[in-house]
*Asks:* 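Structure in structure tokens, see below.
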Amino acid sequence: MTAPVITGTAGEETAHRSSETRRINFRFSRRGRYAACLSARGRGPLVPELWDLGGGTPVPMTLGRPAGESSWSTVVPTDGGRILLGRAQAGGVHRLLLITPGEAPAPMPATFHGGGFRLVAGGPEGAAALAFHGAGEGRTTVWRVPAEPGPLEAVATVPAVLGGGVWLDASGRRLALSRHGDEPGTVVLNLPDGSLSPLPGLADGEHLLLAAPRNGVLLTTLRHEGTYRLGVRGTDDDGPTVFPRPLNEIDGAVTPLAFDPEGRRLALLVTRGVRSHLLVYDLTTEEIREAGLPAGALYPSAHWSTAGLHVIHTTPDRPYAPLTVLNASGAPATRRGGDRATARAHSYDGPGGRIEAVVYGDPARSRQVVLALHGGPEAAWQLSFDPLFRQMSARGIAVVAPNQRGSTGYGAAHRDAIRGAWGGPDLADILHLGRVVGAGRGPGACRPMLYGASYGAYLALLAVAADPHLWSRAAVVAPFLSGRELYTDGPATVRAMLDRLGGLEEITDDELGPRDLLRLAGRLRLPLLVVHGEHDDVIPVSHSRRLRDRLAEVAPPGAELTYLEVTGAGHDPLTGRGAHLVRDRLVHFLDTGSAQLS
């Protein structure tokens with residue numbers, strides 16, 4: 001029987017209210033006294049939020065009135081307790097506002113049209129930040145943004161595309177930047193005269209990551225034999241960079257966070273599987289110790305001042321929030337204890353080894369269970385706060401979110417297993433987990449469901465096509481049709497990823513054949529929800545529209561397609577304005593599944 005293809009908007013769904021808070025886009029002020037982010041409470045819009053880290057338990061303060069901020073908006077706290085807001089608007093326009101607690105936002109006399117726009121906290125005395133704006137033809141204009149309402153001052157226009165931003169001195173006069181393009185490398189912007197010069201002493205291909213201005217210690221990275229090594233050197237060193245063995249033999253994915261004020265210790269975010277670890281490396285003794293944290297995940301940003309090491313931490317029960325972990329001397333600081341066990345890590349036996357998953361609820365005894373597939377594919381689920389999974393769990397839907405082959409955090413072999421084989425080893429893992437989870441539920445229970453976003457959406461639909469009888473229904477967000485189709489239609493960044501990960505290579509030596517969803521549409525024989533943002537700039541919405549039209553043509557038995565195109569949304573319609581309505585629609589669709597395990 002052919003079911004109707006339904007189109008609609010997210011506003012058609014009636015939402016229940018929630019008090020949960022979501023936080024994104026964290027930044028620290030130059031000296032670390034304040035942190036700022038964008039925050040949305042319950043079903044409310046994103047608003048700027050300021051955290052005072054000067055003493056005691058940090059408490060957030062909402063600044064300004066809701067004005068429809070998006071995830072593209074930038075918030076930069078000043079050391080004076082204000083927020084500089086770069087408000088992203090339609091058409092790539094950014095407007096600057098300075099927000100003072102208790103006062104209305106003050107518009108700054110500057111509007112940036114098109115091109116790359118970003119803010120770097122700090123600068124010379126009296127500056128709130130530096131603004132970088134693409135000036136066209138590979139040029140960048142740098143502006144000094146004052147800490148008081150007033151006009152911006154042009155610092156320089158340089159013939160290069162610049163990224164990053166590491167202050168080399170306490171006065172805010174020398175800023176190290178990454179230069180992209182024909183002559184990549186680390187350069188130094190001298191603010192007094194606007195000149196640009198190479199950072200001396202670095203080897204070819206070596207880039208600066210962090211600096212300790214007080215004693216001139218630099219942390220660099222250099223690619224060597226297929227991996228990146230971390231190096232330590234001084235600003236005035238004549239010799240080559242030293243690459244300490246203990247620092248480069250840490251197990252896990254390592255992200256440097258911050259030097260202590262004296263440049264003697266280095267805080268490191270280390271990801272192992274679904275959780276984050278905080279390690280501290282002593283540059284003098286080369287000893288490494290772990291700073292204990294509740295099981296969860298760390299945001300890749302931190303600040304270590306005389307007040308202590310401030311990190312941004314989350315657990316499945318607590319959204320991202322600042323946490324003071326160590327004091328200035330490196331001793332443990334007082335902090336909150338652990339959280340309730342809403343979610344846990346669980347490992348399953350897989351066809352290629354162990355598969356770790358984040359699990360909510362009881363997959364064996366719950367009314368329903370969904371396998372949730374992450375995007376990427378170079379990504380992974382972590383033990384972090386996830387409003388969608390919490391909402392599913394509250395409705396009695398257990399969640400199994402696996403890090404199948406292709407996921408990061410489990411070593412190179414696990415990550416690289418799908419290079420040149422998208423929908424190969426990872427699909428085998430998902431089909432295996434579907435059978436294991438389904439069999440564990442016993443006879444008469446609802447069959448597992450599928451949810452996926454981006455690459456996870458593509459993988460979920462491949463799993464449906466490979467074995468339609470294994471699943472009861474599937475909800476996907478922003479799927480693409482195939483690697484080849486995405487290469488034709490996607491932006492340059494996506495094409496580069498496809499080239500790097502072998503996403504154009506086809507699998508032809510099994511029953512399923514080439515992983516093209518238009519070709520496989522006749523096998524998608526179960527209820528489907530397809531969600532796509534109207535203005536997705538990563539995976540064009542035309543891919544979902546073409547899949548919708550193809551399903552209407554082939555009309556496979558048992559298929560019921562609900563197509564939801566979210567007006568004004570981008571690649572992730574589950575965040576931003578109206579996101580709660582999309583989540584409600586998605587959870588309601590999964591909650592109505594009642595097919596029996598056969």
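Residue indices begin at 1 and follow the sequence shown.
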*Asks:* With a 4.5 Å heavy-atom cut-off, do Pro77 and Trp51 have their side chains touching?
*Replies:*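 A side-chain contact is absent here, since even the closest heavy-atom pair is not under 4.5 Å.
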*Asks:* Mind checking the CG-CH2 spacing from Leu130 to Trp143? Nearest 0.5 Å is all I need.
*Replies:*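 One gets 12.5 Å once the value is rounded to the nearest 0.5 Å.
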*Asks:* Hey, is the main chain of Ala147 close enough, under 3.5 Å, to the side chain of Arg82 for a donor-acceptor pair?
*Replies:*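 Side chain of Arg82 to backbone of Ala147: a pair is present.
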*Asks:* Less than 4.5 Å apart, any side-chain heavy atom of His414 and any of Ser407?
*Replies:*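 Touching, per the 4.5 Å side-chain cut-off.
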*Asks:* I would like to know whether Thr315 and Asp317 meet side chain to side chain donor-acceptor pair (under 3.5 Å); could you show each step before the answer?
*Replies:* CA-CA 5 Å; Thr315 72; Asp317 294 283; 4.8 Å; no
*Asks:* Should we count CZ of Arg272 as having more than 12 external heavy atoms under 6.0 Å?
*Replies:*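 More than 12 within 6.0 Å, yes.
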*Asks:* How many angstroms lie between CD in Gln382 and CZ in Arg275, if you round to the nearest 0.5 Å?
*Replies:*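 If we round to the nearest 0.5 Å, Gln382:CD and Arg275:CZ are 10.5 Å apart.
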*Asks:* For Asn25 and Tyr299, which heavy atoms make the closest approach, and how far apart are they?
*Replies:*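 Heavy atoms of Asn25 and Tyr299 come nearest at CA-OH, 3.6 Å.
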*Asks:* So, does His313 use its side chain to make a donor-acceptor pair with the main chain of Pro294 at under 3.5 Å?
*Replies:*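 Yes, the answer is positive, given that a donor and an acceptor are paired below the 3.5 Å cut-off.
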*Asks:* Considering non-hydrogen atoms only, spot the tightest contact between Thr241 and Arg233 and give its length.
*Replies:*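 For Thr241 and Arg233, the tightest heavy-atom pair comes out as OG1-NH1, 3.0 Å.
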*Asks:* Would you indicate whether the side-chain heavy atoms of Leu208 and Ser178 approach each other to under 4.5 Å?
*Replies:*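 The answer is no, as the side chains (C-beta and beyond) never meet within the 4.5 Å cut-off.
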*Asks:* What verdict does the side-chain contact (heavy atoms from CB on, under 4.5 Å) test give for Leu268 and Leu247, after you've listed the backbone C-alpha separation in whole Å, the side-chain angles of each residue and the deciding distance to 0.1 Å?
*Replies:* CA-CA 10 Å; Leu268 303 163; Leu247 186 59; 3.8 Å; yes
*Asks:* Return yes if a side-chain donor-acceptor contact under 3.5 Å exists between His571 and Ser454, otherwise no.
*Replies:*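 Looking only at side-chain atoms, Ser454 and His571 do form a donor-acceptor pair, the distance falling under 3.5 Å.
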*Asks:* Starting from the C-alpha separation in whole Å, work towards a yes-or-no answer on side-chain contact (heavy atoms from CB on, under 4.5 Å) for Val538 and Thr493.
*Replies:* CA-CA 8 Å; Val538 178; Thr493 53; over 6 Å; no
*Asks:* State, yes or no, whether a side-chain contact exists between Arg22 and Pro319 at a heavy-atom distance under 4.5 Å.
*Replies:*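 The answer is no; the side chains never approach within 4.5 Å.
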*Asks:* Is Leu209 close to Leu230 at the side-chain level, that is, under 4.5 Å between some pair of heavy atoms?
*Replies:*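 Sidechains of Leu209 and Leu230: in contact.
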*Asks:* Quick one: do Ser29 and Thr78 satisfy side chain to side chain donor-acceptor pair (under 3.5 Å)? Show the steps, please.
*Replies:* CA-CA 5 Å; Ser29 64; Thr78 72; over 6 Å; no
*Asks:* Crowded around Asp193 CG? As in, over 12 foreign heavy atoms under 6.0 Å?
*Replies:*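 For Asp193, atom CG is crowded (more than 12 foreign heavy atoms under 6.0 Å).
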*Asks:* So how far is it from Thr314 OG1 to Leu293 CG, rounded to the nearest 0.5 Å?
*Replies:*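 Rounded to the nearest 0.5 Å, the OG1-CG separation comes out at 12.0 Å.
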*Asks:* Do the rings of Tyr320 and Phe26 sit parallel, tilted or perpendicular, given the 30° and 60° boundaries?
*Replies:*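 The arrangement is perpendicular - the two ring planes meet at more than 60°.
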*Asks:* Do Arg174 and Leu191 have side-chain heavy atoms sitting under 4.5 Å apart?
*Replies:*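 Result no, sub-4.5 Å side-chain heavy-atom pair not found.
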*Asks:* Given Thr220, which of Thr186, Leu202, Val232 fulfils the side-chain contact (heavy atoms from CB on, under 4.5 Å) condition?
*Replies:*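 So the option named by the test is Leu202.
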*Asks:* So, Asn215 side chain and Glu262 main chain: donor-acceptor pair closer than 3.5 Å or not?
*Replies:*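 Flag set: sc Asn215 to bb Glu262 pair under 3.5 Å.
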*Asks:* Would you check if the side chain of Asp426 reaches a backbone N or O of Gly406 as a donor-acceptor pair within less than 3.5 Å?
*Replies:*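 Not confirmed, Asp426 side chain does not pair with Gly406 backbone.
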*Asks:* Using the side-chain contact (heavy atoms from CB on, under 4.5 Å) criterion, which residues pair with Thr285? Sequence neighbours excluded.
*Replies:*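 Result, side-chain contact (heavy atoms from CB on, under 4.5 Å) vs Thr285: Asp282, Glu287.
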*Asks:* With a sphere of 6.0 Å drawn around CE of Met497, does it hold more than 12 non-hydrogen atoms of other residues, nucleotides or ligands?
*Replies:*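 Enclosed: over 12 neighbouring heavy atoms sit under 6.0 Å from CE of Met497.
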*Asks:* Is there a side-chain contact between Arg33 and Ser305 in this structure, where contact means two heavy atoms from C-beta onward sitting under 4.5 Å apart?
*Replies:*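 Not touching, per the 4.5 Å side-chain cut-off.
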*Asks:* Using the side-chain contact (heavy atoms from CB on, under 4.5 Å) rule, take Ile99 and Leu50 through it: C-alpha gap first, then chi angles, then the decisive distance, then the call.
*Replies:* CA-CA 10 Å; Ile99 306 176; Leu50 183 70; over 6 Å; no
*Asks:* Could you name each residue pair satisfying ring pair (Phe, Tyr, Trp, His ring centres under 6.0 Å) that touches residues 237-290, not counting sequence neighbours?
*Replies:*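 The answer is none; no pair qualifies.
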*Asks:* Heavy-atom count check: over 12 atoms from other residues, nucleotides or ligands less than 6.0 Å from Trp167 CH2?
*Replies:*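 Yes.
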*Asks:* Give me the atom names and distance for the closest heavy-atom approach of His310 to Thr324.
*Replies:*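 So the two residues come closest at ND1-OG1, 2.9 Å.
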*Asks:* Would you say Arg118's side chain and Gly164's backbone share a donor-acceptor pair under 3.5 angstrom?
*Replies:*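 Yes, Arg118 side chain to Gly164 backbone: donor-acceptor pair under 3.5 Å.
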*Asks:* Do you know which two heavy atoms are closest between Leu269 and Pro300, and how far apart they sit?
*Replies:*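 That would be CD2-CA, 4.1 Å.
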*Asks:* With side chains defined as the heavy atoms from C-beta onward, is the minimum distance between Pro377 and Trp422 less than 4.5 Å?
*Replies:*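 In contact.
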*Asks:* Going by the salt bridge (charged side-chain N to carboxylate O under 4.0 Å, His left out) test, which pairs reach into residues 374-387, not counting sequence neighbours?
*Replies:*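 Passing the test, one end in residues 374-387: Glu378-Arg419, Glu378-Arg500.
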*Asks:* Which distance, rounded to the nearest 0.5 Å, do you find between the CG of Asp260 and the OG1 of Thr306?
*Replies:*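 Asp260 atom CG to Thr306 atom OG1 measures 11.0 Å (nearest 0.5 Å).
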*Asks:* What heavy-atom pair brings Ala88 and Ser73 nearest, and what distance separates the two atoms?
*Replies:*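 Nearest heavy atoms, Ala88 then Ser73: N-OG, 3.3 Å.
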*Asks:* Decide if atom CZ of Arg229 counts as having more than 12 heavy atoms of other residues, nucleotides or ligands within a radius under 6.0 Å.
*Replies:*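 Buried by this count: over 12 neighbours within 6.0 Å.
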*Asks:* So, taking the atom named CG in Leu63 and the one named CG in Leu85, what distance separates them when rounded to the nearest 0.5 Å?
*Replies:*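 That separation rounds to 10.0 Å.
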*Asks:* Between CZ of Arg495 and CG of Asp489, what distance do you get to the nearest 0.5 Å?
*Replies:*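 So the gap between those two atoms works out to 10.0 Å.
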*Asks:* Val274 and Ala345: which non-hydrogen atoms are nearest, and at how many Å?
*Replies:*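 That would be CG2-CB, 3.6 Å.
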*Asks:* Go through Thr408 and Thr271 one step at a time and tell me if the side-chain contact (heavy atoms from CB on, under 4.5 Å) criterion holds.
*Replies:* CA-CA 9 Å; Thr408 55; Thr271 302; over 6 Å; no
